[in-house]
Amino acid sequence: MKIAIASDHGGYELKEYLKEHLAKRDIELIDLGTDSAASVDYPAFGRACGEAVANGAADRGIVCCGTGIGISIAANKVKGVRCAVCTNAFMAEMCARHNDANIIAFGGRVTDKEKAAEFADIWLDTPFEGGRHSRRVDALNSM
Ligand code: RB5
């Protein structure tokens, strides 16, 4: 599986930690930046990750900013993206099971690194349930 990962400065440290964590799994990472803790604007990074997933360059994406909010909004502007901000294990499970989220977002100033890695694993390991949720995801995709 290929995962595109991107952050702004607020999510940079978390991005670097998640890269190390995901490298232990059978995952190819596409790092779309940022490359340091210097201040940058999150919309470009959320968009880049969204486009990588939407155009098939990556199977899924992970985005990080200070809260996870701004960069998730940016990713969700790209058609075909279903990006979910997750702050706990239940959200990580349900965004896969019910929403078929293809990008997960974390806040580097909200969620500690170990927890974010745990949530990313849950999201990656939880299948989409389909059934009635397919109709809802189809409706999202048509917007
Ligand atoms: C940057 O200071 C901060 O606003 C950004 O990382 C993010 O939290 C926005 O949603």
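Just so you know, ligand 1 is whichever comes first in the structure, and atom 1 is the first atom listed for that ligand. The structure displayed is predicted, hence computed values, not measured ones.
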| said: Would you say Arg136 and Asn99 are linked by a side-chain donor-acceptor pair, where the criterion is simply a distance under 3.5 Å? | reply: no

| remark: shortest atom 10 (O) of ligand 1-to-protein heavy-atom contact is with Gly70 N, 2.9 Å

| Taking both backbone and side-chain atoms of Cys65, is any N or O found less than 3.5 Å from an N or O belonging to ligand 1? | no

| field | Protein heavy-atom partner closest to atom 2 (O) of ligand 1 - residue, atom, separation in Å | value | Arg109 NH1, 3.2 Å

| said: With a 4.5 Å cut-off on side-chain heavy atoms, are Ile3 and Leu124 touching? | reply: yes

| message | Could you tell me if the side chain of Glu16 sits less than 4.5 Å from the side chain of Asp31, heavy atoms only? | response | yes

| Atom indices of ligand 1, in the order listed, that fall short of 4.0 Å to a heavy atom of Asp8 | 1 (C), 5 (C), 6 (O)

| message | Can you confirm, on distance only, whether ligand 1 has an N/O atom lying under 3.5 Å from any N/O atom belonging to Gly10? | response | no

| message | At under 4.0 Å between heavy atoms, is it the side chain or the backbone of Thr67 that contacts ligand 1, or both, or neither? | response | both

| said: In terms of relative ring orientation, are Phe119 and Phe106 parallel, tilted or perpendicular, with 30° and 60° separating the classes? | reply: tilted

| message | Do Lys77 and Arg47 make a side-chain contact, defined as non-hydrogen atoms from C-beta onward lying under 4.5 Å apart? | response | no

| Does some side-chain heavy atom of Asn102 sit less than 4.5 Å from a side-chain heavy atom of Asp100? | no

| field | Min N/O separation Tyr42 to ligand 1 under 3.5 Å | value | no

| Atoms of ligand 1, numbered as shown, that sit under 4.0 Å from any heavy atom of Gly66 | 5 (C), 6 (O), 7 (C), 8 (O)

| Shortest protein contact, atom 1 (C) of ligand 1 (heavy atom only) | His9 NE2, 3.6 Å

| With side chains defined as the heavy atoms from C-beta onward, is the minimum distance between Asn141 and Arg82 less than 4.5 Å? | yes

